[in-house]
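Single-structure report; data block below.
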Amino acid sequence: MQGRCADGPQERVPRLVAVHANIVSCTRCPRLRAYCAEIARTKRRAYRDEIYWGKPVPGFGDPGARLLLVGLAPAAHGANRTGRVFTGDGVGGSGDFLMSALHRAGFASIPTSHHPDDGLKLRDAFIAAAVRCAPPDNKPTPEEIATCLPHLDDEIAALPRVRVVVALGKIAFDAYLQLLKRRGVALRPRPLFGHAVAHELPNGQTLIGCYHPSRQNTNTGKLTARMMDEVFRLAARRLQNLR
């Protein structure tokens with residue numbers, strides 16, 4: 001699944017196509033839907049001539065991916081505008097920072113993520129989010145996270161080869177653990193979030209924590225390119241050991 005359409009013939013990934021249709025049509029969180037619609041109507045001045053996506057944002061990437069990245073939520077003028085997660089938040093924004101690291105690690109075809117038709121393709125990787133609608137102040141409520149988790153659950157069910165999960169930020173990390181708990185996976189002791197810290201899970205997956213590539217983190221040096229590379233080298237080693 002690449003951007004707003006399937007990455008390849010839809011008949012090859014019918015389950016993922018159906019999951020994404022359900023995500024795009026979701027209206028479960030009235031506060032978030034109202035906010036996204038208002039942002040799409042008023043727009044940012046720099047994008048006033050563009051038509052905003054303004055709907056819940058599905059994941060994108062390789063349907064056969066073994067690496068899953070879980071972010072927090074779409075940016076109001078990024079993925080809420082473009083319809084593709086980690087896309088369009090400006091030169092040097094979180095999308096570029098993330099995609100540069102994925103490109104260096106061999107998971108992305110190009111090192112930038114500016115618009116859905118930029119030719120970006122992911123190899124053996126898929127990017128999703130805990131929440132599919134842009135939240136005010138980038139802060140979804142715990143109830144909104146819980147309400148949205150079934151979408152992530154359905155997406156993962158349509159990605160049967162996933163073996164390594166990278167959680168971008170503590171909220172995404174905790175959301176993934178919450179999802180596993182719903183699935184009946186016993187987590188004792190409970191994994192603790194830490195950057196580049198890997199946890200072997202009872203379901204056979206490896207969960208790796210990573211600071212979120214927000215400008216707040218990258219501009220202050222809390223997250224550097226070298227630190228991000230460390231995470232994907234770790235993920236690549238885990239995948240290599242599975243071959």
Side-chain angles (χ1 to χ4, degrees), residues 1 13 15-16 19 59-73 85-86 94 97-108 122-132 140 142 145-146 148-214 217 222-243:
M1 184 65 64
V13 285
R15 187 172 183 182
L16 196 56
V19 169
F60 85 101
D62 183 352
R66 293 179 301 153
L67 172 64
L68 173 67
L69 286 75
V70 181
L72 172 55
V85 68
F86 281 104
S94 61
F97 194 92
L98 175 61
M99 230 50 66
S100 292
L102 288 172
H103 180 67
R104 290 190 295 271
F107 292 109
L122 300 184
R123 308 184 190 99
D124 206 15
F126 193 94
I127 305 177
V131 175
R132 304 312 175 104
I145 294 173
C148 204
L149 275 182
H151 290 316
L152 180 59
D153 197 4
D154 290 343
E155 218 162 37
I156 293 172
L159 299 166
R161 299 187 70 231
V162 168
R163 294 296 179 270
V164 176
V165 179
V166 172
L168 301 171
K170 188 176 185 301
I171 294 178
F173 186 89
D174 290 342
Y176 193 71
L177 293 182
Q178 183 179 347
L179 177 59
L180 292 180
K181 184 177 179 180
R182 288 186 179 190
R183 286 184 165 195
V185 178
L187 299 169
R188 300 186 185 90
R190 189 179 190 276
L192 298 178
F193 177 80
H195 181 79
V197 176
H199 301 275
E200 302 299 330
L201 302 177
N203 64 354
Q205 294 179 343
T206 298
L207 175 62
I208 304 173
C210 178
Y211 292 141
H212 191 282
S214 65
N217 286 341
K222 181 176 182 178
L223 177 63
T224 65
R226 180 177 293 181
M227 292 169 65
M228 188 65 112
D229 288 344
E230 180 185 7
V231 168
F232 292 118
R233 281 197 301 269
L234 178 58
R237 285 198 300 270
R238 288 295 198 276
L239 292 176
Q240 183 67 32
N241 291 338
L242 294 174
R243 292 179 180 175

Tell me whether His199 contacts the main-chain N or O of Leu207 through its side chain, where contact means a donor paired with an acceptor under 3.5 Å. no
Sequence neighbours excluded, which residues qualify as side chain to side chain contact (heavy atoms under 4.5 Å, CB included) partners of Arg226? Thr224
Using 30° and 60° as the class limits, which term best fits the ring planes of Phe173 and Phe193: parallel, tilted or perpendicular? perpendicular
CD1 on Ile171 to CD on Gln178, rounded to 0.5 Å: 12.0 Å
Please evaluate residues Ile156 and Arg183 with respect to the criterion side chain to side chain contact (heavy atoms under 4.5 Å, CB included), reporting the C-alpha separation (whole Å), side-chain torsions for both, the decisive distance (0.1 Å), and the verdict. CA-CA 12 Å; Ile156 293 172; Arg183 286 184 165 195; 3.6 Å; yes
Can you tell if the side chain of Val131 reaches within under 4.5 Å of the side chain of His151, non-hydrogen atoms only? no
Is there side-chain contact between Thr206 and Leu201, with heavy atoms separated by less than 4.5 Å? no
Are Arg123 and Asp62 close enough for a salt bridge, meaning some N to O gap below 4.0 Å? no
Residue pairs meeting side-chain hydrogen bond (donor to acceptor under 3.5 Å, both in side chains), one or both in residues 156-173, sequence neighbours left out, come to Lys170-Asp174
Flag the pair Ile127 / Val70 as yes when at least one side-chain heavy-atom distance between them is below 4.5 Å, and no otherwise. no
Quick one: pull up OG in Ser94 and CG in Leu168 and give me the separation to the nearest 0.5 Å. 9.5 Å
Evaluate the side chain to side chain contact (heavy atoms under 4.5 Å, CB included) criterion for residues Arg238 and Glu200: first the C-alpha distance (whole Å), next the side-chain angles of each, then the deciding distance (0.1 Å), finally the verdict. CA-CA 10 Å; Arg238 288 295 198 276; Glu200 302 299 330; 2.9 Å; yes
Test side-chain contact (heavy atoms from CB on, under 4.5 Å) applied to Ile208 and Val164, Val165, Leu69, Leu67, the passing residue: Val164
Working to the nearest 0.5 Å, report the span between CZ of Phe232 and CE of Met227. 12.5 Å
When the aromatic ring centroids of Phe86 and His212 are compared, is their separation below 6.0 Å? yes
Minimum-distance pair of heavy atoms, taken over all atoms of Glu155 and Gly59: OE2-N, 2.9 Å
